[in-house]
Engineer: 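For reference, the structure I am asking about is given below.
In what follows, every heavy atom counts, from backbone to side chain, and hydrogens, waters and symmetry copies are set aside.
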Amino acid sequence: LFQRAGVDLLCPFLDSRMLRLALNLPSQVRYTFRRPKAVLKTALAHRTTSEIATRVKLGFGQPIFEWLQPEGQLAALVARIDGHGLPRPELLRESMQRPTWFTYSAMCYDVWHRLFVERSIPRTMDRTPAQLQISGG
């Protein structure tokens with residue numbers, strides 16, 4: 001999928017040399033209490049400044065709630081969410097008007113259900129998810 005889009009995806013933690021190194025570390029080094037990434041941060045501090053190795057996690061946000069709004073890019077997917085009998089219909093309707101993480105989760109589940117259970121969406125890679133949902137049934 002990534003190569004098809006022209007993106008290289010590297011998984012350094014799946015490299016056999018990295019796995020061998022990690023598995024040969026003593027367990028008290030691998031599993032430091034309340035510091036699960038201590039080994040990685042120590043290794044990074046040797047290659048860069050300790051400020052970079054010890055700084056807090058910096059995330060990057062996507063405007064998911066804007067996309068889920070009635071005029072947003074994912075509005076077609078949101079409008080077609082089928083609760084599949086799980087949430088109360090009024091809760092689903094309210095969530096579709098004012099998107100929350102619940103709306104996002106319901107949309108993801110709905111797309112998954114249509115793709116893999118109902119098989120009502122064609123699984124081609126040359127269209128965006130919104131295009132798949134609109135033409136999929």
Side-chain angles (χ1 to χ4, degrees):
L1 177 64
F2 285 97
Q3 287 179 342
R4 195 172 173 146
V7 176
D8 286 332
L9 179 66
L10 304 174
C11 299
F13 298 119
L14 296 179
D15 185 286
S16 62
R17 296 166 295 182
M18 181 65 81
L19 286 172
R20 203 171 314 121
L21 171 71
L23 292 173
N24 284 313
L25 290 172
S27 61
Q28 63 269 23
V29 173
R30 274 189 283 164
Y31 304 110
T32 308
F33 183 69
R34 293 192 181 193
R35 296 185 58 223
K37 296 181 182 177
V39 173
L40 289 173
K41 290 183 178 191
T42 303
L44 182 62
H46 288 289
R47 306 285 262 152
T48 83
T49 65
S50 63
E51 292 172 353
I52 291 175
T54 58
R55 74 179 178 193
V56 296
K57 183 177 177 179
L58 300 175
F60 58 94
Q62 298 83 20
I64 292 174
F65 299 119
E66 292 174 20
W67 295 342
L68 296 174
Q69 293 292 330
E71 64 279 350
Q73 292 175 320
L74 298 176
L77 291 172
V78 172
R80 293 192 54 183
I81 292 175
D82 179 358
H84 304 285
L86 299 175
R88 293 187 322 268
E90 63 274 6
L91 176 65
L92 189 57
R93 279 192 303 276
E94 180 183 317
S95 174
M96 293 163 94
Q97 294 303 311
R98 290 192 54 223
T100 63
W101 283 110
F102 174 78
T103 314
Y104 178 71
S105 298
M107 182 196 69
C108 290
Y109 177 79
D110 183 63
V111 170
W112 173 84
H113 195 274
R114 290 174 191 269
L115 273 170
F116 297 106
V117 177
E118 295 173 1
R119 300 201 184 272
S120 63
I121 300 175
R123 293 179 61 192
T124 59
M125 298 296 183
D126 57 341
R127 293 185 282 170
T128 66
Q131 291 169 328
L132 286 172
Q133 185 65 20
I134 291 167
S135 66

Engineer: Check whether Phe33 and Val39 end up in the same hydrophobic cluster, where Ile, Leu, Val, Met, Phe, Trp and Tyr are linked by side-chain heavy atoms less than 4.5 Å apart.
Structural biologist: no
Engineer: Following the transitive rule for hydrophobic clusters with a side-chain heavy-atom cut-off under 4.5 Å over Ile, Leu, Val, Met, Phe, Trp and Tyr, establish whether Met107 and Leu91 coincide in one cluster.
Structural biologist: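 Looking at the clustering, Leu91 is in the same group as Met107.
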Engineer: Show the nearest heavy-atom pair for residues Arg34 and Pro36, with the distance to one decimal.
Structural biologist: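 Between these two residues, the closest heavy atoms are C-CD, 3.6 Å.
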Engineer: Test: salt bridge (Lys or Arg N to Asp or Glu O under 4.0 Å). Region: residues 89-102. Which pairs qualify, not counting sequence neighbours?
Structural biologist: Arg88-Glu90
Engineer: With a 4.5 Å limit on heavy-atom distance, are the side chains of Arg35 and Lys41 in contact?
Structural biologist: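 No, their side chains stay 4.5 Å or more apart.
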Engineer: Under 6.0 Å from the CD atom of Glu118, do we count more than 12 heavy atoms belonging to anything else shown?
Structural biologist: yes
Engineer: My understanding is that only residues two or more places apart in sequence, or in another chain, count here; which of them pass ring-ring contact (aromatic ring centres under 6.0 Å, His included) with Phe102?
Structural biologist: none
Engineer: How long is the gap from CH2 on Trp101 to OG on Ser105, to the nearest 0.5 Å?
Structural biologist: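 Taking CH2 in Trp101 and OG in Ser105, the distance rounds to 8.0 Å.
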Engineer: With side chains defined as the heavy atoms from C-beta onward, is the minimum distance between Arg30 and Leu23 less than 4.5 Å?
Structural biologist: yes
Engineer: Identify the heavy atoms of Leu68 and Thr100 that sit nearest to each other, and give their distance.
Structural biologist: CD1-O, 4.2 Å
Engineer: For Arg114 versus Arg80, what's the shortest heavy-atom pair and its separation?
Structural biologist: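 Taking Arg114 first and Arg80 second, the nearest heavy atoms are NH2-O, 2.6 Å.
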Engineer: Linking I/L/V/M/F/W/Y whenever any side-chain heavy atoms sit under 4.5 Å apart, do Val29 and Leu19 land together?
Structural biologist: no
Engineer: Quick one: does any side-chain atom of Thr42 pair with a main-chain N or O of Ala38 as donor and acceptor, under 3.5 Å?
Structural biologist: yes
Engineer: Decide whether Met96 and Trp112 are clustered together by the hydrophobic rule: side chain heavy atoms of Ile, Leu, Val, Met, Phe, Trp, Tyr closer than 4.5 Å, transitively.
Structural biologist: yes
Engineer: Is the number of heavy atoms from other residues, nucleotides or ligands under 6.0 Å of Gln28 CD greater than 12?
Structural biologist: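 Counting neighbours around CD of Gln28, more than 12 heavy atoms of other residues, nucleotides or ligands fall under 6.0 Å, so yes.
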Engineer: Which atom names give the shortest non-hydrogen contact between Gln97 and Gln69, and what distance separates them?
Structural biologist: O-OE1, 4.3 Å
Engineer: Return the minimal non-hydrogen interatomic distance between Ala53 and Ala45, and the atom names on each side.
Structural biologist: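 Scanning both residues, the minimum pair turns out to be CB-N, 3.7 Å.
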Engineer: Look at atom OH of Tyr109 and say whether more than 12 heavy atoms of other residues, nucleotides or ligands are closer to it than 6.0 Å.
Structural biologist: yes
Engineer: Looking only at heavy atoms, what is the nearest atom pair of Thr103 and Pro99, with distance?
Structural biologist: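 For Thr103 versus Pro99, the nearest heavy atoms are OG1-CA, 3.4 Å.
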